[in-house]
Amino acid sequence: MLPFEYARVTGVDEAVNLLAADPSASYLAGGTTQLDLMKDGVLGPERLVDITRLPLRGVTRDADGLHIGALTTMEELAADPVVAGELPVVREALLLGASAQLRNMATIGGNLLQRARCRYFRDPTVPDCNKREPGSGCAAVRNTARMHAILGVSERCIALHASDLAVALVALDAVVRLHGTSGSRSVPLTQFYREAGTSPDVENVLLHGELITGVTIPPLPAEAATGYLKVRDRASYEFALASAAVVLVMRDDVIAQARVGLGGIGSKPWRSLEAEQVLTGAAASGEIFREAAAAAVQGAWTVPGTAFKVELAQRTLVRALRNVSGGAR
Ligand code: FAD
Ligand code: SF4
């Protein structure tokens, strides 16, 4: 690991000012992504600003929804009574991710900003990676690629955004709260990420120095049902090959509202408005679920190693819709 300076801060403005003044500095939260990449020689910040003592931990609720501090750990959020009781989609997405040890360290802000799991990105001896070195090419497109994306990609980059939680949060219309040297702003999570297909090295709208202070989940209609389904190579401690976060409001057998997030297949946590359009106002049935799933993968761009995901993603969404609608369709 390259040498670096370490600073621990206790105030949000102190953190933001320190980072904004130093282009080579990075924030350190739980460290489960940041330190891995530094040890592998992929990242080499000259200064780490440790934000773990900032007062950004915990979950509160008011009329605007559920407010989650950015330094709340994955395990703490999964155990929150509102999440456990009313938001199974969030709890399931959290508990199906990583391991208990990691979830005890990993924070919500860090989870949203986790980096690509592409093996070529994580191996600095591979010269061609547009995400690491803009303009150098994409090793994944011409070599073996399996844990990669099929939506929001191009021949420039097929890296996946691997966060399970973010898939649930896009389906819940969550908003990210940011604070920087020019003040605070809120960005809907659906507009926070950039697709890897354009400039793979720019992954989101965060400015250098801007801090994620929290996430807000707006209230759901009282009759909404939610769920998360994750399909992976082994039953625990594995990233998604495909996943689906579903929010449905059913009136009798008719889908009054539908929100669909897809994981394991997008260069960003994928919100499928196409699937939602098919579902909304339709009577719940296997046929309509399959039609929605087909709409969700329209525009998929595959390489030989990822072609299987077109079918897998559809089956995953159909099953998630069945589970959440409560039907054996
Ligand atoms: P850090 O590593 O501290 O930071 C990550 C990045 O975010 C850094 O760039 C840091 O500078 C930046 N950052 C952190 N907090 C903020 C903030 N508040 N504002 C601005 N920038 C910030 N995730 C899943 O969703 N599903 C899985 O199945 C899964 N499996 C995993 C398996 C393994 C073996 C590992 C190592 C990780 C896995 N993860 C998985 C990813 C894990 O959830 C993330 O590594 C973790 O959530 C990152 O949080 P952190 O607090 O450790 O972030
Ligand atoms: Fe790099 Fe993206 Fe290609 Fe992976 S898929 S090698 S991250 S450019």
Side-chain angles (χ1 to χ4, degrees), residues 12 15-16 19 25-38 42-43 45 48-52 54 56-57 69-75 93-99 101-123 126-143 145 147-149 153-168 176-180 196-197 199-201 203-204 206-215 230 232 236-240 243 263-264 267 269 303 306:
V12 167
V16 163
L19 212 89
S26 288
Y27 289 127
L28 176 69
T32 61
T33 288
Q34 183 68 31
L35 295 180
D36 267 10
L37 291 171
M38 287 169 67
V42 178
L43 298 178
L48 278 186
V49 177
D50 181 342
I51 56 175
T52 53
L54 297 183
L56 299 174
R57 196 162 178 166
L71 292 171
T72 310
T73 65
M74 291 170 71
E75 203 64 25
L94 286 164
L95 295 182
L96 291 171
S99 63
Q101 290 94 331
L102 282 161
R103 293 193 300 267
N104 274 314
M105 291 296 294
T107 64
I108 300 311
N111 185 287
L112 299 184
L113 293 174
Q114 62 179 278
R115 305 297 305 278
R117 304 309 298 189
C118 172
R119 58 194 263 210
Y120 308 104
F121 169 73
R122 287 176 176 254
D123 180 353
V126 175
D128 42 346
C129 172
N130 285 325
K131 194 180 275 298
R132 222 183 328 103
E133 199 58 55
S136 61
C138 173
V141 165
R142 59 177 182 73
N143 287 304
M147 300 298 289
H148 287 77
V153 295
S154 75
E155 69 283 350
R156 272 172 286 180
C157 181
I158 55 172
L160 180 70
H161 197 287
S163 166
D164 291 293
L165 174 66
V167 175
V176 200
R177 303 191 305 277
L178 308 176
H179 187 75
S199 307
D201 54 313
E203 297 181 349
N204 53 56
L206 208 62
L207 303 172
H208 181 73
E210 245 179 342
L211 183 73
I212 296 184
T213 55
V215 175
K230 177 172 178 176
R232 47 189 165 166
S236 79
Y237 199 35
E238 186 55 278
F239 291 94
S243 71
S267 62
V303 294
T306 58

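Remember, it's 1-based here, ligands and their atoms both numbered in the order they're listed.
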- Atoms of the protein (N/O/S only) found under 2.8 Å from atom 1 (Fe) of ligand 2: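 Protein N/O/S atoms under 2.8 Å of atom 1 (Fe) of ligand 2: C129 SG.
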Does a side-chain heavy-atom distance below 4.5 Å link [X] with [Y]?
X    : Y    : answer
H161 : V167 : no
M74  : M105 : no
V153 : H148 : no
L48  : M38  : yes
C118 : K131 : no
M147 : T306 : no
R115 : E203 : yes
L56  : I51  : no

Please report which non-hydrogen protein atom sits nearest to [atom], along with the residue it belongs to and the distance in Å to one decimal place.
atom                    : answer
atom 27 (C) of ligand 1 : A98 N, 3.2 Å
atom 29 (C) of ligand 1 : F239 CE2, 3.2 Å
atom 53 (O) of ligand 1 : G110 CA, 3.4 Å
atom 37 (C) of ligand 1 : R117 NH1, 4.0 Å

Contact check, [X] vs ligand 1, heavy-atom distance below 4.0 Å:
X    : result
R103 : no
I51  : yes
R232 : no
R115 : no

Can you name the atoms of ligand 1, numbered from 1 with element, that are less than 4.0 Å from a heavy atom of [X]?
X    : answer
M74  : 43 (O), 47 (O)
Y27  : 10 (C), 11 (O), 20 (C), 21 (N)
T33  : 2 (O), 5 (C), 44 (C), 45 (O), 48 (C)
S163 : 25 (O)
Y237 : 34 (C)
L102 : 32 (C), 33 (C), 34 (C), 35 (C), 36 (C)
Q114 : 23 (N), 24 (C), 25 (O), 41 (C), 43 (O)
G97  : 26 (N), 27 (C), 28 (O)

- So which of T107, D164, V167, T52 gets nearest to atom 51 (O) of ligand 1, if we judge by its closest heavy atom?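 Heavy atom nearest to atom 51 (O) of ligand 1 belongs to T107.
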- Identity of the nearest option to atom 21 (N) of ligand 1, non-hydrogen atoms only, from L113, T213, V16: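 Selected option, by shortest heavy-atom distance: L113.
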- Query: Does K230 pair with E238 as a salt bridge, N-O distance under 4.0 Å?
  - Reply: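 Looking at K230 and E238, the cut-off is not met.
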How long is the gap from [atom1] on [X] to [atom2] on [Y], to the nearest 0.5 Å?
X    : Y    : atom1 : atom2 : result
R122 : C129 : CZ    : SG    : 11.0 Å
T107 : Y27  : OG1   : OH    : 13.0 Å
T73  : R103 : OG1   : CZ    : 10.0 Å
E75  : Q101 : CD    : CD    : 9.5 Å
E210 : L178 : CD    : CG    : 5.0 Å

- Query: At a 4.0 Å threshold, what atoms of ligand 2 neighbour a non-hydrogen atom of I158?
  - Reply: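 Counting atoms of ligand 2 from 1, those under 4.0 Å from I158 are 5 (S).
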- Task: Apply side-chain contact (heavy atoms from CB on, under 4.5 Å) to L96 and D164, showing your working.
- Result: CA-CA 8 Å; L96 291 171; D164 291 293; 5.5 Å; no
Applying a 4.0 Å heavy-atom criterion (strictly less than), which segment of [X] is in contact with ligand 1: side chain, backbone, both, or neither?
X    : result
K230 : side chain
S99  : neither
D36  : side chain

Can you confirm, on distance only, whether ligand 1 has an N/O atom lying under 3.5 Å from any N/O atom belonging to [X]?
X    : answer
L206 : no
L35  : no
G31  : yes

- Message: Evaluate N111 against S163 for side-chain hydrogen bond (donor to acceptor under 3.5 Å, both in side chains), listing each step before the verdict.
- Response: CA-CA 6 Å; N111 185 287; S163 166; 2.5 Å; yes
- Task: Considering non-hydrogen atoms only, spot the tightest contact between Q114 and F239 and give its length.
- Result: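 Closest approach of Q114 to F239: OE1-CE2, 4.0 Å.
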- Would you please determine whether R156 falls within less than 4.0 Å of ligand 2 on a heavy-atom basis?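 R156: in contact with ligand 2 (<4.0 Å).
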- Query: By side-chain hydrogen bond (donor to acceptor under 3.5 Å, both in side chains), which residues pair with D128, not counting sequence neighbours?
  - Reply: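 side-chain hydrogen bond (donor to acceptor under 3.5 Å, both in side chains) check on D128 returns R142.
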